[in-house]
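Naming: A, B, ... by sequence-line order, numbering from 1 per chain.
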Amino acid sequence: MNIRSRLRDRLQTALEGLAPAPDAAVDLAGLAEMVVPSQDPKFGDYQINCAMPLAKALKRPPREVAQELVDRLQVDDLCEAPTIAGPGFINLKVRDDRLVSLLQTAAKDDRLGIAPVAHRKQYIVDYSAPNVAKPMHVGHIRSSVIGDSIYRTLKFLGHNVVGDNHIGDWGTQFGMIIYGFKHFRDDAAYRANPVAELSRLYRLVNQLVGYFEGQAELPKLRQKADAAKAVLAAAQTIAPTGDKNVDKKNAQTLKKAQNDVESSAKAVAELQEKLAAMDADPAVAKLIAAHPKIGAAALEETAKLHSGDEENLKLWQEFMPPCLEALEETYRRLHVTFDETLGESFYHDRLAEVAEDFERKGLARESDGALCIFLPGQETPMLIRKKDGAFLYATTDLATIKYRIERWKPDAVLYVVDHRQSLHFEQLFAAAKLAGYDACDFRHISFGTVLGKDGRPYKTRSGDTVGLKGLLDEAVERAATIVAENDERNPEGPQLSAEERKRVAETVGIGALKYADLSQNRTSDYEFSYDKMLAMNGNTATYMQYAYARVRSIFRRGGVDIEALRAKNIAIELNTPAERQLAVSILRCEEALELALVDFRPNQLTTYLFELASHYSTFFDQCPVLKAPTPELRDSRLMLCDLTARTIKLGLSLLGIDVVEQM
RNA sequence: GCCCCCGUAGCUCAACUGGAUAGAGCAGCCGCCUUCUAAGCGGCAGGUUACAGGUUCGAUUCCUGUCGGGGGUACCA
């Protein structure tokens, strides 16, 4: 049961009785939300913060309002007598006998007493969305892992959820692969491992296309660099005027000009270096000479595919199954699942209709030959058809919205996509609204970039993006080392077989990787580090898995019959701060899940689990379980252990992370 | 140019959306294994929340400005 929400209900009732004048701008529902866990145990378990803002609205002294609220608040069945502190904080301490009865209820319930929501909604969660032709890389972890966790949490709380992987299986990258397949393929390699060969072909063609694009770009960059130099030279001739404001402006201009010169020179140098490196490689240079029009040719292959060219379509159909299987393999390893995998190709024959529909309704018009949706307050329009007649990803996204609304009638669609696409989604949602899809709550669940130690997007030493598979292997390998070391160190000698160690390493390694991502506030960029990820302490999956394994160890050693224990109405004793703290922590799980969904931030859940595991560690240290002074206390503590383990297991499962019995 | 995001302890990050003394982990220092897993526990130290104003009982959070960083911005996704 959710103590916090129950307290909110009680507060709501108390607030209604204290109704202000009807014209006063008081948001009762908002005030009733202001029940939060106390920061400091000395203030009790929960605090109510709404007396101060309410006092302002009522133009009365805050402590007086607090007192009146306390008088009206019916909580004596849940809490000890409320107290008022400071400017008007109302502090609440949950009665120990209530904690005990709630724990007993949780013990007997396979959902730990967490009820499904009263009003279930239909959600669609759009996450992962890799490009089929390109191998998944570090950038795909966040979307996959965050989306999967949101999906699991919504579902656990009783909502209807569709997890949809909107894969990129129809874009320009397929033109590149087809071109590569037609000109550069290694048949033996393709037969042996089609995905690896296709991936090689993609990288090769992409590299060659990049060469020519770079060549075209270079003069422009040089021009920009020259222009920057000219601006700088001009700025340097400006003499001080004596006017403070003017001089400050001039100094600013100068600094900016210096920066521009520096960055544009760097861009030129980097590009030159890249092109020179390719020129210097005889094999590459030969291909460059032989395929001068590769960029246009690759686009042509894409266009042919889209217009139903038999040969290209056949190739596409041949390529897709192994590509999809490769994705599946990664998802299996990550424990990420979907209900649907409806990629771009699924929508391709609906695009023309969508574009025409917008045009017919007067929501889109042609501009410079392209069909555009002009949006209120937006400088740049959203293009839904190119001047060559081809469609864009905005078109696909609109078609996807139409399809989803018609098929699932969702209350909300969540797009778990990185923050760089925020403008796109702003436009997309505005366009959807124009089209009349305004009953649905579209949300861009954006997230930051994964950075390397240098603060730049995470890359290998050679500058390539890091493949996801290698990342997983590395995490598991490092976990294996730690698992082995730890097992060897055991005073009673190693406990795990080679097979068990391997399984533990997989669970710990993958868990660490996912947790590192989920424990971060999703909106911020974060620095990727194996060392931090697999740290043996701190807010990591390992720490929680360890806490879980320690509980299980107690049950193993004690030969405890868990089912019998759960069925008994154990009189849980909460006589030490460690035990009481742990009890309160266990009972906060539902609140944590609720909080994690307010803004769809799984890090709220990880924070909770860390607190729970910390409180357990303290308890574990201070309260002997198997050697408790009395049989009653032993049972009581076993109960707390079991509830802790189940809560950790549940919480981690909603993050998509497993536990191990021994580590 | 315009738009969006960010700046918190030496480092990596939190902070329940305006609440009490801004919290963790790492790194540093001091303690704790003949007792259920020391991948642990207890403690110390570390801060002008980039800067300057403003709003109010109260600001890391809201507003304005400044500095610094990142991202986006008409036919890629």
By the 4.0 Å heavy-atom rule, please label Pro624(A) as base, sugar-phosphate, or nothing. base
Cation over ring, Arg6(A) on Tyr46(A), under 6.0 Å and within 45°? no
Side chain of Thr542(A): nearest nucleotide among G40(B), A39(B), A74(B)? A39(B)
Cation-pi, Tyr415(A) ring and Arg443(A) (6.0 angstrom, 45 degrees): no
Minimum-distance nucleotide to Arg489(A) side chain [options: A15(B), A39(B), A20(B)]: A39(B)
Hey, does Glu426(A) reach any base, or is it just sugar-phosphate, or nothing, if we go heavy atoms under 4.0 Å? nothing
Counting only side-chain heavy atoms from C-beta out, which of U73(B), G19(B), A39(B) sits nearest to Val483(A)? A39(B)
Ignoring backbone atoms, test whether Tyr543(A) places a side-chain nitrogen or oxygen under 4.0 Å from the OP1 or OP2 oxygen of U37(B). no
Looking for any heavy atom pair under 4.0 Å, which part of the strands does Gln47(A) touch: base, sugar-phosphate only, or nothing? base
Check whether any side-chain nitrogen or oxygen of Arg420(A) sits under 4.0 Å from OP1 or OP2 of C3(B), and answer yes or no. no
Within the structure shown, what part of the strands sits under 4.0 Å from Pro491(A) by heavy-atom distance: base, sugar-phosphate, or nothing? nothing
Quick one: do the Ser128(A) and Ser144(A) side chains pair a donor with an acceptor below 3.5 Å? yes
Output the rounded distance in Å from CG (Asp621(A)) to P (G31(B)). 18 Å
Both Ser553(A) and Asn131(A) contact RNA chain B. Taking the nearest nucleotide for each, which residue is further toward the 5' end? Ser553(A)
Suppose we call a contact any N or O donor and acceptor under 3.5 Å apart; does that hold for the side chain of Asn91(A) and the base of A20(B)? yes
Test Phe174(A) against Tyr202(A) for ring pair (Phe, Tyr, Trp, His ring centres under 6.0 Å), laying out the working first. CA-CA 8 Å; Phe174(A) 264 100; Tyr202(A) 167 75; 9.4 Å; no
For a quick test of reading the model: is some side-chain N or O of Arg63(A) closer than 4.0 Å to OP1 or OP2 of C57(B)? no
Met663(A) side-chain proximity, nearest of C76(B), U37(B), A20(B): U37(B)
Could you check how far CD of Glu527(A) sits from C1' of U12(B), rounded to whole Å? 6 Å
Asp517(A) atom CG is separated from C13(B) atom P, nearest whole Å, by 12 Å
Rounding to a whole Å, what distance do you find between Lys59(A):NZ and C57(B):P? 11 Å
Hey, does Gln39(A) reach any base, or is it just sugar-phosphate, or nothing, if we go heavy atoms under 4.0 Å? sugar-phosphate
Residue whose closest nucleotide on RNA chain B lies nearer the 5' end, Pro53(A) versus Gln173(A): Pro53(A)
side-chain N/O Asn603(A) vs A15(B) OP1/OP2, d < 4.0 Å: yes
Looking across every strand, which nucleic acid part, if any, lies under 4.0 Å from Cys372(A) by heavy atom: base, sugar-phosphate, or nothing? base
Would you mind telling me which of C13(B), A74(B), U37(B) lies closest to the side-chain atoms of Arg550(A)? U37(B)
Would you indicate, yes or no, if U37(B) has its OP1 or OP2 atom less than 4.0 angstrom from a side-chain nitrogen or oxygen of Asn490(A)? no
Could you check which of U37(B), A77(B), U73(B) has an atom nearest any side-chain atom of Thr380(A)? U73(B)
For A14(B) and Ser524(A) - does any side-chain N or O of the residue sit under 4.0 Å from the phosphate oxygens OP1/OP2? yes
Does the A74(B) base have a donor-acceptor partner in the side chain of Ser367(A) within less than 3.5 Å? yes
Taking only N and O in the side chain of Arg456(A), is any of them less than 4.0 Å away from OP1 or OP2 of G71(B)? yes
Compare the aromatic ring of Phe89(A) with the six-membered base ring of G19(B) and state whether they stack according to the 5.5 Å and 30° rule. no
Using whole Å, what does the distance between atom C1' of nucleotide C13(B) and atom OH of Tyr515(A) come to? 12 Å
Side-chain N or O of Arg557(A) less than 4.0 angstrom from OP1 or OP2 on U37(B)? yes
Ile90(A) CD1 to G19(B) C1': how many Å, rounded? 13 Å
Quick one: is Ser617(A) getting a side-chain N or O under 4.0 Å of the C41(B) phosphate, OP1 or OP2? yes
Looking at every strand, decide which applies to Leu383(A) at a 4.0 Å heavy-atom threshold: base, sugar-phosphate, or nothing. base
Reckon Thr618(A) has a side-chain N or O less than 4.0 Å from the OP1 or OP2 of G42(B)? yes
Pick base, sugar-phosphate or nothing for Ala592(A), based on heavy-atom distances below 4.0 Å to the nucleic acid. nothing
Could you tell me the separation between the CD atom of Gln427(A) and the C1' atom of U73(B), rounded to a whole number of Å? 9 Å
Does A39(B) have its OP1 or OP2 closer than 4.0 Å to a side-chain nitrogen or oxygen of Tyr546(A)? yes
Closest to the Phe610(A) side chain, choosing from G25(B), C57(B), U12(B): G25(B)
Hey, mind stepping through Tyr616(A) and Met544(A) against side chain to side chain contact (heavy atoms under 4.5 Å, CB included) and telling me if it holds? CA-CA 10 Å; Tyr616(A) 180 74; Met544(A) 273 142 247; over 6 Å; no
Please walk me through it: do Phe43(A) and Phe89(A) pass ring pair (Phe, Tyr, Trp, His ring centres under 6.0 Å)? CA-CA 9 Å; Phe43(A) 296 131; Phe89(A) 296 104; 7.6 Å; no
Would you call the rings of Tyr458(A) and Phe528(A) parallel, tilted or perpendicular if under 30° counts as parallel and over 60° as perpendicular? tilted
No-H, no-angle donor-acceptor pair, Asn539(A) side chain to A24(B) base, under 3.5 Å: no
Determine if Phe43(A) stacks with A20(B); use a centre-to-centre distance below 5.5 Å and an interplanar angle below 30° as the criteria. yes
With respect to the side chain of Leu423(A), which nucleotide from C36(B), U12(B), G72(B) is positioned closest? G72(B)
Looking at Gln604(A), I'd like to know whether one of its side-chain N or O atoms comes within less than 4.0 Å of OP1 or OP2 on C16(B). no
Chi angles and distances behind the side chain to side chain contact (heavy atoms under 4.5 Å, CB included) call for Asp454(A), Lys459(A): CA-CA 10 Å; Asp454(A) 54 0; Lys459(A) 297 273 169 68; over 6 Å; no
Using a 4.0 Å heavy-atom cut-off, does Asp388(A) contact any base of the nucleic acid, only the sugar-phosphate backbone, or nothing at all? nothing
In whole Å, what is the span from the CZ atom of Phe620(A) to the P atom of G42(B)? 13 Å
